[in-house]
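First comes the structure, then the notes that go with it.
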Amino acid sequence: MILIKLGGSVITDKKEYRKFNTETVSRLCKEIKDSGQDVIIVHGAGSFGHVLAKKYNLNGGHVNNEQIPAVAEVCYDVRELNSYIISELNKNGMPAISVPPGSCFIMDDRELIIENDEVIKGFVGLGIMPVLFGDVVLDRKLGFSICSGDQIMEKLGNILDIEKVIFVSDIDGLFDSDPKNNPDAKLYRDVNEKILENVKKETSVDDVTGGVVEKMKSMLRLCNGDRECILINGNVEGRLLSLLKNEDVICTRARGA
Ligand code: IP8
């Protein structure tokens with residue numbers, strides 16, 4: 001089974017609050033279906049989550065009561081985004097249901113802990129794709145905190161039989177600096193921890209969960225044994241399909257040590 005994260009930067013316009021990229025998501029779902037691969041999908045929050053999460057510092061946990069309506073609003077918004085994704089998957093012949101992360105995970109000082117993996121495993125066993133997403137989740141120490149799609153990816157990598165992991169983003173892979181600000185940025189075709197130390201931590205949009213460097217760290221943790229992790233640009237038509245057909249495409253690959 002292949003674990004795919006549809007990043008918030010590709011499924012939404014991260015600069016515009018609650019702007020869903022319908023056409024891109026519809027095309028990506030079709031590419032996944034056409035590949036014939038067995039997949040499980042997680043998605044990010046994009047502008048349905050990060051805008052308000054940043055404004056009310058939700059990743060800092062519960063510090064004042066002005067945050068409480070914002071928690072409810074973000075939870076509402078990311079569920080709406082999730083319903084759009086589920087709808088596209090179902091339309092493309094991939095039976096999928098919503099599994100909010102709080103229904104099987106809890107957080108403790110921002111660390112994601114599996115409470116119950118039965119729901120996820122049970123639906124996978126039935127041939128129904130449980131679709132989890134970046135959300136605000138109850139935190140034992142902080143009251144609440146942000147659970148990113150990348151943290152969910154790592155947990156699913158532990159509980160399911162995953163042979164390959166793909167992060168679909170709006171960039172061609174990992175660059176030595178932000179390609180949106182620097183036209184001479186160099187793409188790394190392969191990444192390891194040493195390379196990661198040299199990457200500048202730049203990000204051009206609001207992102208409370210760390211941007212590309214944190215994503216790479218998640219990718220490296222997800223690599224174990226023969227499992228390969230790949231960062232790919234989902235805005236380029238056909239690229240995800242080519243990757244899923246094992247063709248050589250522009251991307252960054254992380255491999256286990
Ligand atoms: O977009 C963040 O998830 P991500 C979740 O996967 C929220 O980093 C609510 C901002």
Side-chain angles (χ1 to χ4, degrees), residues 1-11 24-25 27-44 85 88-89 92-96 99 101 112 114 117 120-121 123-134 148-174 187-193 195-196 212-257:
M1 177 177 275
I2 300 179
L3 176 61
I4 299 180
K5 182 182 176 199
L6 297 179
S9 60
V10 72
I11 61 174
T24 307
V25 173
R27 173 180 54 74
L28 289 170
C29 289
K30 189 170 182 311
E31 289 186 28
I32 292 167
K33 176 67 182 172
D34 288 351
S35 75
Q37 296 281 8
D38 188 15
V39 307
I40 177 156
I41 291 172
V42 171
H43 67 83
I85 302 279
E88 288 302 329
L89 288 167
N92 279 283
M94 290 177 279
V99 175
L112 190 59
I114 299 168
D117 62 12
I120 295 170
K121 287 183 170 166
F123 279 119
V124 169
L126 285 169
I128 300 173
M129 190 195 305
V131 182
L132 289 92
F133 48 93
S148 76
D150 294 1
Q151 286 172 294
I152 296 169
M153 293 287 279
E154 288 187 45
K155 292 298 166 199
L156 295 186
N158 293 338
I159 62 177
L160 297 172
D161 187 12
I162 303 292
E163 83 234 20
K164 191 183 278 189
V165 180
I166 302 175
F167 286 85
V168 182
S169 180
D170 65 339
I171 46 173
D172 286 340
L174 178 72
L187 175 74
Y188 293 110
R189 299 301 299 248
D190 290 286
V191 72
N192 55 39
E193 272 168 33
I195 289 175
L196 211 49
V212 72
V213 172
E214 288 309 310
K215 184 173 309 303
M216 279 294 151
K217 287 185 186 164
S218 288
M219 275 175 64
L220 288 169
R221 285 192 292 268
L222 269 158
C223 289
N224 60 20
D226 288 340
R227 190 195 281 160
E228 190 184 30
C229 298
I230 300 153
L231 177 63
I232 187 175
N233 192 340
N235 283 333
V236 181
E237 206 174 321
R239 196 174 281 178
L240 178 61
L241 175 59
S242 297
L243 177 70
L244 290 169
K245 284 162 59 187
N246 291 321
E247 292 168 11
D248 189 23
V249 294
I250 294 171
C251 61
T252 295
R253 293 171 190 269
R255 289 173 220 266

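Small disclaimer: the values here were computed from a predicted structure and weren't measured. Index from 1, following the sequence.
Pairs of residues two or more places apart, or lying in two chains, that qualify as side chain to side chain donor-acceptor pair (under 3.5 Å) and include a residue from residues 158-168 are K164-N246.
By the ring pair (Phe, Tyr, Trp, His ring centres under 6.0 Å) test, F133 pairs with H43, sequence neighbours left out. With sequence neighbours excluded, the residues that form a side-chain contact (heavy atoms from CB on, under 4.5 Å) with I195 are Y188, V191, N192. Shown here are the salt bridge (Lys or Arg N to Asp or Glu O under 4.0 Å) partners of K33, two or more places apart in sequence or in another chain: there are none. Take D170 and apply the side chain to side chain donor-acceptor pair (under 3.5 Å) test, not counting sequence neighbours, and it matches S9, K180. With sequence neighbours excluded, no residue forms a side chain to side chain donor-acceptor pair (under 3.5 Å) with Q37. Qualifying side chain to side chain donor-acceptor pair (under 3.5 Å) partners for K30, counting only residues two or more places apart in sequence or in other chains: D34. Applying the side-chain contact (heavy atoms from CB on, under 4.5 Å) rule to I128 yields the partners I97, F123, L126; only residues at least two apart in sequence or on another chain are considered. Every residue was checked against the salt bridge (Lys or Arg N to Asp or Glu O under 4.0 Å) condition with D38, not counting sequence neighbours, and none meets it. Applying the side chain to side chain donor-acceptor pair (under 3.5 Å) rule to T252 yields no partners; only residues at least two apart in sequence or on another chain are considered.
When all heavy atoms are compared, the tightest approach of M129 to L89 is SD-CD1, 4.1 Å. Nearest heavy-atom pair across M153 and I166 is CE-O, 4.1 Å. When all heavy atoms of C223 and A254 are compared, the closest pair comes out as SG-O, 3.1 Å. What you find for K121 and I159 is that their closest heavy atoms are CE-O, 3.2 Å. For C29 against E88, the heavy-atom pair with the smallest separation is SG-CB, 3.8 Å. For the residue pair R227 and V165, the shortest heavy atom distance occurs at CD-CG2, 3.7 Å.
Side-chain contact between I4 and I32 is present, with heavy atoms from C-beta onward closer than 4.5 Å. Two residues are said to be in side-chain contact when any heavy atoms from C-beta on lie closer than 4.5 Å; V10 and F167 fail this criterion.
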Just list the side-chain donor-acceptor pairs under 3.5 Å for residues 232-244, sequence neighbours left out, or say none.
from : atom 1 : to   : atom 2 : distance (Å)
N233 : OD1    : N235 : N      : 2.9
N233 : ND2    : D172 : OD1    : 3.0
R239 : NH1    : D172 : OD1    : 2.7
S242 : OG     : G238 : O      : 3.0
S242 : OG     : E247 : OE1    : 3.2

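L231 CG to M219 CE: the interatomic distance, rounded to the nearest 0.5 Å, is 5.5 Å. To the nearest 0.5 Å, atoms SG (C229) and CD1 (I162) are separated by 10.5 Å. If you take CD1 on I120 and CD1 on I40, they are separated by 7.0 Å, rounding to the nearest 0.5 Å.
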Problem set entry | Stepwise side chain to side chain contact (heavy atoms under 4.5 Å, CB included) check, V39 with L3 | CA-CA 6 Å; V39 307; L3 176 61; over 6 Å; no
Problem set entry | Derivation and outcome, side chain to side chain contact (heavy atoms under 4.5 Å, CB included), residues V42 and V131 | CA-CA 6 Å; V42 171; V131 182; over 6 Å; no
For this session: Could you give me the CA-CA distance, side-chain angles and deciding distance for L187 and I171, then say whether side chain to side chain contact (heavy atoms under 4.5 Å, CB included) is met?
Result: CA-CA 10 Å; L187 175 74; I171 46 173; over 6 Å; no
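Under a 4.0 Å N-O distance rule, the pair D150/K215 qualifies as a salt bridge.
Remark: side-chain polar atoms of E154 are not paired, donor with acceptor, to backbone N or O of Q151 under 3.5 angstrom.
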